[in-house]
Protein chains: 2
Amino acid sequence: MTLDPDLFSDCLPGRPLIRIGDKWTTKIIVCLRDGPRRFGELIVPLRITAKVLTESLRAMERDGLITRTAYDTNPPRVEYALTPLGRTLLEPLAAICAWTAAHQPAVLEARAT
Amino acid sequence: MTLDPDLFSDCLPGRPLIRIGDKWTTKIIVCLRDGPRRFGELIVPLRITAKVLTESLRAMERDGLITRTAYDTNPPRVEYALTPLGRTLLEPLAAICAWTAAHQPAVLEARAT
DNA sequence: GTAGCCAGTTTCGTTGCGGTAACCGGCATA
DNA sequence: TATGCCGGTTACCGCAACGAAACTGGCTAC
């Protein structure tokens, strides 16, 4: 019982990470890695529904991870882009991706036995 | 529409990561960082219920991340420990923790405005 | 005038994670 | 006899994430 009950207070909040634990945030960030993208350019490769994509984008905008830019053209054109803050997430995300690529087979094998 | 629809197939499976997206796995791994721990030594600092802890431990055992060792004593004594595979998760997890420690204030500030 | 494009919104329903509370079985102590 | 400890199990429940489908609105092209 030697563990500090608040061991995680500054490192692992309620959820493992702000919006990193959910299904879509990480994928959206990876998708915006190479520059701004339009709504329709996110919805197709992510295979996400419009409603869930909108919700995710709004939440990430609130958190300062992305920006939303609407152009007053026709048909409407909206671009989403990573903020500098959002861009800082690419590095730890890459560490996670590397771990998955390296060890997922081992996990799947363990799960099978 | 230039993105490969299978962009994430080898990097970000259905969930962001095997059992990394959920609420407890990361905390359990951090908790076992310094050596084996008993059931009761996990349940107290994690502030988790017995049912959810049992479920999480079983799942992590299936995935080969931890081992469960039951000693035939009285009262019963069960120890959980990280496997070498589970231990490899500490490094990417540290990257996430570092990001959170560095940028969580910025996120909270963005959320407030 | 009708059809299509883009970026949504709305409604409704499903699923699954996590939580609460009660209970169990073997042993030890009072 | 009963009470407590340890490591669970079981039944039930609520909520938030997720999804499918239909609809909107402004503009353009046919």
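In what follows, chains are A, B, ... by sequence order, proteins preceding strands, each numbered from 1.
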Taking for each residue the nucleotide of DNA chain D bearing the nearest heavy atom, is the 5' side occupied by Phe39(B) or by Ala50(A)?
Phe39(B)
Measure the distance from CG on Leu53(B) to P on dT20(C) and round it to the nearest whole Å.
14 Å
Starting the side chain at C-beta, find the nucleotide from dC18(D), dG8(D), dA20(D) nearest to Thr49(A).
dA20(D)
To the nearest Å, give me how far apart CD (Glu79(A)) and C1' (dC6(C)) are.
13 Å
Can you confirm whether Val107(A) sits close enough to Thr100(A) that some side-chain heavy atom of one is under 4.5 Å from a side-chain heavy atom of the other?
no
When you get a sec, tell me which of dG8(D), dG19(D), dC6(C) is the closest nucleotide to the side chain of Arg68(B)?
dG8(D)
Interatomic distance, Glu55(B) CD vs dG16(C) P [rounded to whole Å]
13 Å
Test side-chain contact (heavy atoms from CB on, under 4.5 Å), reference Leu93(A), set Thr25(A), Thr88(A), Ile29(A), output is Ile29(A)
Please list, for nucleotides 25-29 of chain D, all pairs of protein and nucleotide N/O atoms separated by less than 3.5 Å.
{"residue": "dC27(D)", "atom": "O3'", "partner": "Asn74(A)", "partner atom": "ND2", "Å": "2.6"}
{"residue": "dT28(D)", "atom": "OP1", "partner": "Asn74(A)", "partner atom": "ND2", "Å": "3.2"}
{"residue": "dT28(D)", "atom": "O5'", "partner": "Asn74(A)", "partner atom": "ND2", "Å": "3.1"}

Got Leu53(A) and Trp24(A) here, is their nearest side-chain heavy-atom distance under 4.5 Å?
no
Between CD of Glu41(A) and C1' of dC5(C) the distance, given in whole Å, is 14 Å
Checking side-chain contact (heavy atoms from CB on, under 4.5 Å) between Tyr80(B) and each of Met60(B), Arg38(B), Arg68(B), which is the one that passes?
Arg68(B)
Enumerate the residue pairs fulfilling salt bridge (Lys or Arg N to Asp or Glu O under 4.0 Å) with a member in residues 78-100 of chain A, sequence neighbours excluded, ordered by first and then second residue.
Arg77(A)-Glu79(A)
Below 3.5 Å between N/O atoms, which protein atoms pair up with nucleotides 10-12 of chain C? Just atom names and distances, please.
none

Ignoring backbone atoms, test whether Arg58(B) places a side-chain nitrogen or oxygen under 4.0 Å from the OP1 or OP2 oxygen of dG7(D).
no
Please find the pair of heavy atoms, one from Phe39(B) and one from Ala50(B), that lie closest to each other, and give the distance.
CZ-O, 3.9 Å
Measure CG/Leu46(A) against P/dA17(D) and give the value in whole Å, please.
18 Å
Of Leu42(B), Val78(B), Ile28(B), Leu82(B), which meets side-chain contact (heavy atoms from CB on, under 4.5 Å) against Arg37(B)?
Leu42(B)
Closest non-hydrogen atom pair, Thr83(A) against Gly64(A)
OG1-O, 2.6 Å
Are Leu57(A) and Glu61(A) close enough that some pair of their side-chain heavy atoms sits under 4.5 Å apart?
no
Check whether any side-chain nitrogen or oxygen of Tyr80(A) sits under 4.0 Å from OP1 or OP2 of dG8(C), and answer yes or no.
yes
Atom CD1 of Ile48(B) and atom P of dC17(C): how far apart are they, to the nearest Å?
14 Å
Rounded to whole angstroms, how far apart are OH on Tyr71(A) and P on dG8(C)?
13 Å
Quick one: is Arg38(A) getting a side-chain N or O under 4.0 Å of the dA7(C) phosphate, OP1 or OP2?
yes
CG of Leu57(B) versus C1' of dC17(C): gap in Å, rounded?
16 Å
